[in-house]
Amino acid sequence: MTQLTTLGKTIRATDPNKIKLDGNVKNILAYKPLLARIFKEIMTECRNMSYEEIESCIEGEVIIGKNYVDPGITNAGELIGGQSNEDYDNEEGLIKYDIRTYLKIPQHKEAEFIKILIDLEAQNEDKPGYDIPLRGLFYCCRMISSQLGVEFTTDQNDPIKYGNIKKVYSIWICTETAQKRANSIERYEIKKDFILGSNDDNPRYDIINATIINISENHDVSNTDNNTLKLLTTLFDETLDADTKITKLENDYGLPLTKEIEDEVTSMCTYATSMENKGIEKGLKALVNSLKVYIKDFNKLYEAIIQNEDYAHVSKEQVKKYY
């Protein structure tokens, strides 16, 4: 007898129309078998590894929405070799990475491995008002600079210093790409070039990689044979019901979504509903604060609020919290 894996349960529990909501996307993308497939497609270091081997190299917990991008906060609470999981008292205006993890990939010598830091971001807006590669490269730079005192030092007694900097990847999955740019994967990285002359030196400089995965907003994969693009398109296709989606992801792309029943308790929640409710509460607070400047009577203010179709079903108790 089988049961759904964590991702299978998340897909089943999520309203298809809400699968691209921020909270849903993060919880879905944190699933290690899915990460392994994305990493194999994107990372040269994983190209010749099996999905199972890549999965085994994902160290520790995949951290969702807890690490800060902002300077001075990224390092908070970190130790050498650690991942930040520190909360910050005043979160207003601060940026967080969607998903942070790292790989430790064994090398030919038994005691050696390479460590790679990875940020995975979900982007719903096709044209958010800036070029997404710029943001991806900025996140890469922050992941590099935040390694000071964590992965490397500049201490005069440290003979390696900057040599301990770990390579970083910032991978962006754009789920609403216009068809003319859809079904493509873009890579931005450092390249060596000679302005004058040449030499045979081979210094290490390949430490930054920003990659953009463009998923069709129309769910049209007719112009690509790439299984990763097809898998992600199916995963975020809001026109498919949960059972159809689970069947396609398992049968067509080999993504494990069922497993033998184990002695475990899996907590189930509908991520979409919780994220949507948070958005409603935030909007309601702003609306009440705006209206109470002009409407002093609470009952009249409440009547005005429920005229808005987004808040037609809010109770007086909900409104009073912000009055």
Side-chain angles (χ1 to χ4, degrees), residues 6-7 9-30 62-70 72-73 76-77 84-100 120-130 132 135 173-176 217 235-242 245 265-323:
T6 302
L7 178 57
K9 290 176 181 179
T10 302
I11 292 171
R12 177 69 59 77
T14 302
D15 182 338
N17 293 315
K18 300 174 183 176
I19 197 160
K20 292 179 183 176
L21 288 179
D22 189 52
N24 297 344
V25 174
K26 291 176 186 177
N27 282 286
I28 287 170
L29 292 178
V62 177
I63 298 175
I64 306 173
K66 292 183 180 179
N67 279 13
Y68 292 94
V69 180
D70 300 67
I73 301 172
S84 174
N85 197 13
E86 185 89 356
D87 288 328
Y88 190 70
D89 290 338
N90 180 10
E91 297 186 0
E92 186 174 354
L94 298 179
I95 309 169
K96 290 180 179 179
Y97 299 101
D98 280 359
I99 296 172
R100 282 290 303 273
L120 189 66
E121 300 286 329
Q123 174 68 38
N124 283 339
E125 291 184 74
D126 185 31
K127 289 290 185 179
Y130 55 84
I132 293 173
R135 188 172 177 186
I173 299 178
C174 300
T175 60
E176 292 283 347
E217 64 178 350
L235 183 60
F236 294 112
D237 186 347
E238 63 269 25
T239 67
L240 297 177
D241 63 71
K245 184 172 294 187
V265 178
T266 305
S267 83
M268 288 280 291
C269 66
T270 306
Y271 299 108
T273 302
S274 65
M275 290 304 295
E276 188 175 53
N277 287 343
K278 287 181 182 178
I280 289 174
E281 287 292 326
K282 188 175 180 180
L284 179 60
K285 180 179 179 180
L287 184 58
V288 171
N289 286 337
S290 297
L291 289 179
K292 70 183 183 181
V293 175
Y294 306 101
I295 305 175
K296 302 302 181 183
D297 182 80
F298 173 77
N299 289 325
K300 290 181 179 179
L301 182 141
Y302 176 71
E303 290 300 322
I305 286 174
I306 61 175
Q307 296 304 309
N308 185 316
E309 63 179 19
D310 291 334
Y311 307 106
H313 302 293
V314 298
S315 66
K316 286 189 175 182
E317 287 71 24
Q318 285 176 283
V319 175
K320 276 182 180 176
K321 286 193 298 183
Y322 309 115
Y323 182 66

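In this chain, residues are counted from 1 in sequence order.
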I need the Leu287 CG to Ile305 CD1 distance, nearest 0.5 Å. 5.0 Å
Separation between CD1 of Ile99 and CG of Leu29, rounded to the nearest 0.5 Å: 4.5 Å
What pair of heavy atoms forms the shortest contact from Asp297 to Asn299, and how long is it? OD2-N, 3.2 Å
For the student: nearest non-hydrogen atoms of Tyr322 and Lys285, plus distance: CD2-CG, 3.5 Å
In this structure, CD1 of Ile173 is separated from CD of Glu121 (nearest 0.5 Å) by 10.0 Å
Closest non-hydrogen atom pair between Val288 and Leu301, with its separation: O-CD1, 4.3 Å
Report, as yes or no, whether the 6.0 Å neighbourhood of atom NZ on Lys321 holds more than 12 heavy atoms from other residues, nucleotides or ligands. yes
CD (Glu217) and CZ (Phe236) are apart, to the nearest 0.5 Å, by 15.5 Å
My understanding is that only residues two or more places apart in sequence, or in another chain, count here; which of them pass side-chain contact (heavy atoms from CB on, under 4.5 Å) with Ala286? none
Closest non-hydrogen atoms of Ile295 and Ala304, given as atom of the first, atom of the second and distance, are CD1-CB, 4.1 Å
In this structure, CG of Leu291 is separated from OH of Tyr323 (nearest 0.5 Å) by 10.5 Å
Side chain proximity check, Ile132 to Glu125, heavy atoms < 4.5 angstrom: no
Heavy atoms of Lys26 and Asp98 approach each other most closely as CE-OD1, 3.1 Å
Atom pair CD/NZ of Glu238 and Lys245 - distance to nearest 0.5 Å: 7.5 Å
Residue set satisfying side-chain contact (heavy atoms from CB on, under 4.5 Å) with Lys320, at least two apart, ordered chain then number -> Phe298
